[in-house]
Amino acid sequence: MRYDFAAVEKKWQKIWEEKQVFAAKQDYTLPKFYPLIEFPYPSGQGLHAGHPRPYTALDIVARKRRLEGYNVLYPIGWDAFGLPAENYAIKNNVHPKSVTEQNIKRFTQQIKSLGLSFDWSREINTTDPNYYKWTQWIFLQMFKHGLAYKKEMAVNWCTSCKVVLANEEVVGGRCERCSGEVVRKVKSQWMLAITKYAQRLLDDLDEVNYPERVVASQKNWIGRSEGALVNFDTTAGDVLQIYTTRPDTLFGATYMVMAPEHPLIEKWQNLISNLDEVRAYQEEAARKSDFERTEVAKDKTGVRLMGVNGVNPVNGKEIPIFISDYVLVSYGTGAIMAVPGHDQRDWEFAQKFNLPIVEVVKGGDITQHAYEDCDHGVMVNSGMLDGLTVEEAKKKIIAWLEEQGKGEAKVNYKLRDWVFSRQRYWGEPIPIIICPKCGYVPVDEKDLPLTLPEVESYKPTGDGESPLAALEEWVNCTCPKCGGAAKRETDTMPQWAGSSWYYLRYCDPHNNEALASREALEYWTPVDWYNGGMEHTTLHLLYSRFWHKFLYDIGVVPTKEPYARRTSHGMILGENGEKMSKSRGNVINPDDIIAEYGADTLRLYEMFIGDFEKAAPWSSESIKGCKRFVERLWNLQTMCVEGDAYSPKLESSIHKTIKKVSEDIENLKYNTAIAALMSLLNEIYDAKQLNHAEYKTLLILTNPFAPHVTEEAWERMGFGGMITDQKWPAYDEEKCKDSTVEIVVQISGKIRARLSVSATASKEELLRLARENAEVAAALEGKQILKEIVVPGKLVNFVAK
RNA sequence: GCGGAUGUGGCGGAACUGGCAGACGCGCCAGACUUAGGAUCUGGUGUCUCCGACGUGCAGGUUCGAUUCCUGUCAUCCGCACCA
């Protein structure tokens, strides 16, 4: 009985689409479930084997939930703004819009061939003006609430894209997208004040169910630290403020270091006797990217500012000031105090420049190296702090600094505000008008969307302006406030913008009055289960949580957090165990797999390949096992007989399998769920018997994994209706238990026998049975039993000498 | 340097709360059926010096008992902003 997967899969995909089987219901009285995958960027390469893994995983959950009676919203859309489409458009002289449309077409066809139960009626696209109208609207609200502001700052300039990148987008000193060299350049940028939400982004991690490693990376990224600002007087007369997490070690501060860009250096230029040397160092530092500057380097470079000294506030001692590029102007105050006795980096620096090293926490030998493990020691050489513990000293010195007006306690975050401008064409125009009289004026909300105009060339101007800047007709406008001549902002938003709120639009995608109706948001949010890649656990997740919290504050969304649960999938690697990429030539195209084996087999294999959360290499051999499973499941039709109750022979196994599969799906254990289904199938073939009740249950259980073959077999068996209308099977905990269990008998931890006993056997009975066993008795002959350990249902262990 | 993970047969991977290591699948071996087999079915398959031992990166420890807990160590992968 041949199984024609190609015809069957096409048939059911058509039926599902025509009958709108997977459209979320408008009935808000039903219990809801909202699973979400990260919507794809429709790249020119099309789908690769990695895409179906997360899509299938949540498809399995979505299908199971529907059978359990939930109203499920499993949506799909396109994160379609971004550089690759624009770069392709520039290269091939086509409109990025048409490139994007083509790519979406291909992705749609590919995704549909996987038999995923997406609600296509809610498809969204971030480049659709009806969508980005609301992206712009959110930006305007942020602007009106003072969260969007313009700032002149040193930014990462990609020399290849000719575009400014967020710090977060710079990877390894290179542009995350094009790998171009990144240098520093000063530019006026739109910024979003994510740092105002730092504490809440940290605190509310307690309210969500994220994997530990994701929580850790969010916390690390936000980087909260408690410390103090300390004001050092200088011989130049100015106050040089530093931030430290260790104010208790202030007596050990024997020099200071400033960032090369620190503004006080300009002020002091007439006092600095080695200005040439300082200037040369500054220039060198400016050429380096942040990454290069902060890269681990054995030799810490630096130049002393000759002519200006700092004054340590606790003892009035004059100490030298250096500039060094490892101190960043963007973190803390751009200046630090150095405590060489307790920081190995400072210690080495002090050795090199022959600076004093003072021990202020007892315990180490500072003549050999810095004593860094000093979080809980006792203070020495520290005047008023002597004899105190580190904890006490911190409190006392902060109180003293505050009293003296020399400093204050301060919580600091590593998190920086979000650079939101891009000098590119293919993004949402920032809806701001720059008026010579009124300053930055928001575009009137009724004029949204502010659509992207047609341009001749998509190339950035190369001088740091967007291609839009060349369009005089578009740029010149009137100020909505005073009616005078004004110009439009020509920067566009980063790709992160559209993806920061897309899950809200799915709730009500065709609404023209609001980003989504309050009613729809009340019902559907938060997202119940959001799965995505580990690569998005800091940037996208943090940005998205930030936007959501802002929308909560202004009363648009009803929940504090967007995603109740987050999970992450591992990558599918190429057959050689390396990351799949065009350049490595190890890309697996799902189209080829579907043509050869069918979508059900592909889905099963993607889930069976290994632990869902870990990376796993593709194997074109292993997938055959999943194809055999599909065919063996199909062939059961020929041996299936009438019967409306489970047979005694299979009953227990079926209940166990229902339990195992049900639980595994919830716990991301798709691989062992499939293994359990395979085991049951093997058992059926061994037993050479199967009735309708049993086959029905097996088909429903397998349906979320392999939806096409199960529907077709269901129909051919004449079971009535479609599987999508059935109920997820229930199991009876009592029937999952075996009546007899195998007990291991050990002697001093070594297995000597196995006994088949009643599951309810008492400890005494087990001991008796174990002793009566011939092999055990022989092995115990002449030995003294020191101890007897009995674990019911598991083992008996005689400790003997 | 910091942070996070991972290490189990020829391969992908299982193993609840410390209790039978290797489920399930691939591959391989043997057999059946076949003109044929890269199809299907049946059986076998951790290693070795094979009536017994040894085995979860390595070395210790705790325990009657450790893949699981502890200490140290090695290797690999991922992330990073020397964060003061």
Side-chain angles (χ1 to χ4, degrees), chain A residues 2 167-168 170-172 211-214 216-217 219-221 223 225 227 242-247 249 253 256-257 289-291 293-298 300 324-328 330-339 342-346 412-416 534-535 537-538 570-571 573 575 577 579 604-605 608-611 613-626 628-629 631-632 635 663 669 671-682 685 741-751 753-754 786-791 793-800:
Chain A
R2 212 178 80 84
N167 288 322
E168 293 89 332
V170 181
V171 175
E212 205 40 58
R213 57 184 176 157
V214 173
S217 71
K219 281 185 178 168
N220 274 340
W221 199 263
S225 67
I242 60 103
Y243 173 74
T244 177
T245 55
R246 292 302 299 268
T249 63
M256 304 177 78
V257 186
S289 67
D290 267 16
F291 181 82
R293 287 177 51 161
T294 55
E295 202 173 24
V296 185
K298 285 279 170 270
K300 300 307 175 192
S324 182
D325 61 9
Y326 75 84
V327 174
L328 301 178
S330 54
Y331 183 78
T333 61
I336 62 166
M337 67 177 195
V339 184
H342 300 278
D343 182 303
Q344 187 61 20
R345 189 187 60 223
D346 293 347
N412 211 20
Y413 301 92
K414 292 188 216 169
L415 185 69
R416 298 170 198 165
M534 274 305 283
E535 68 273 21
T537 51
T538 41
M571 258 186 295
L573 306 170
E575 289 211 66
K579 202 172 159 176
L604 281 163
Y605 182 56
F608 187 61
I609 195 166
D611 185 336
E613 298 187 272
K614 289 186 200 142
W618 182 267
S619 163
S620 41
E621 284 299 315
S622 286
I623 191 172
K624 289 176 185 168
C626 293
R628 285 177 197 144
F629 172 74
E631 282 170 355
R632 278 156 62 82
N635 288 333
E663 289 174 357
K669 301 266 183 193
N671 53 339
T672 52
I674 293 169
L677 291 167
M678 287 173 167
S679 291
L680 180 61
L681 189 64
N682 290 343
Y685 273 101
V741 288
E742 194 172 79
I743 293 284
V744 174
V745 183
Q746 298 180 330
I747 293 171
S748 300
K750 298 216 185 236
I751 296 160
R754 292 164 209 273
L786 302 175
K787 204 170 172 185
E788 293 166 341
I789 291 142
V790 184
V791 183
K794 297 251 161 84
L795 59 64
V796 175
N797 187 10
F798 297 107
V799 184

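Chain letters run A, B, ... following the sequence lines, proteins first, then strands; residues in each count from 1. It should be emphasised that the depicted structure is a prediction, and the values quoted were computed from it without experimental measurement. Note: hydrogens, waters and symmetry copies are ignored here, and every other heavy atom, side chains too, is used.
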Using a 3.5 Å limit for the pairing distances, which stems of at least 3 consecutive Watson-Crick or G-U wobble pairs does RNA chain B take part in?
B:1-7 with B:74-80, B:10-12 with B:24-26, B:27-32 with B:40-45, B:46-48 with B:52-54, B:57-61 with B:69-73
Any heavy-atom pair between the side chains of N682(A) and R632(A) that's under 4.5 Å?
yes
D346(A) CG to A84(B) C1', in whole Å, measures 8 Å
Across the strands shown, which category fits N797(A) at heavy-atom distances under 4.0 angstrom: base, sugar-phosphate, nothing?
base
Main chain of L795(A), side chain of Q746(A): is a donor-acceptor contact present, judged purely on distance under 3.5 Å?
no
Got a sec, which residues hit side-chain contact (heavy atoms from CB on, under 4.5 Å) with A335(A), two or more places apart in sequence or on another chain?
L240(A), I242(A), M258(A), H262(A), T333(A)
Short question: side chain of Y605(A), backbone of S619(A) - any donor-acceptor pair under 3.5 Å?
yes
Value in whole Å for how far the C1' atom of A81(B) lies from CG of L415(A):
11 Å
Could you tell me how far U76(B) sits from C69(B) if I compare only their P atoms? Round to whole Å.
24 Å
Readout for nucleotides 20-38 of chain B: B = base within 4.0 Å of protein heavy atom, S = sugar-phosphate only, - = neither; 5' to 3' it is BS-BBSSS-----------
Shortest side-chain distance from W221(A), nucleotide among C83(B), C80(B), G19(B):
C80(B)
C1' spacing across the pair G46(B) / C29(B), given as an integer number of angstrom
15 Å
Provide, to the nearest angstrom, the distance between the CD1 atom belonging to I789(A) and the C1' atom belonging to U63(B).
9 Å
Is G9(B) in the syn or the anti form, by the rule that syn lies within 90° of 0?
syn
Would you classify C69(B) as syn or anti? Syn applies when the glycosidic angle is within 90° of 0.
anti
Has the side chain of N412(A) got a donor or acceptor atom that lies under 3.5 Å from a matching backbone atom of S225(A)?
no
Take atom C1' in G55(B) and the same atom in C48(B), then report the distance between them in whole Å.
10 Å
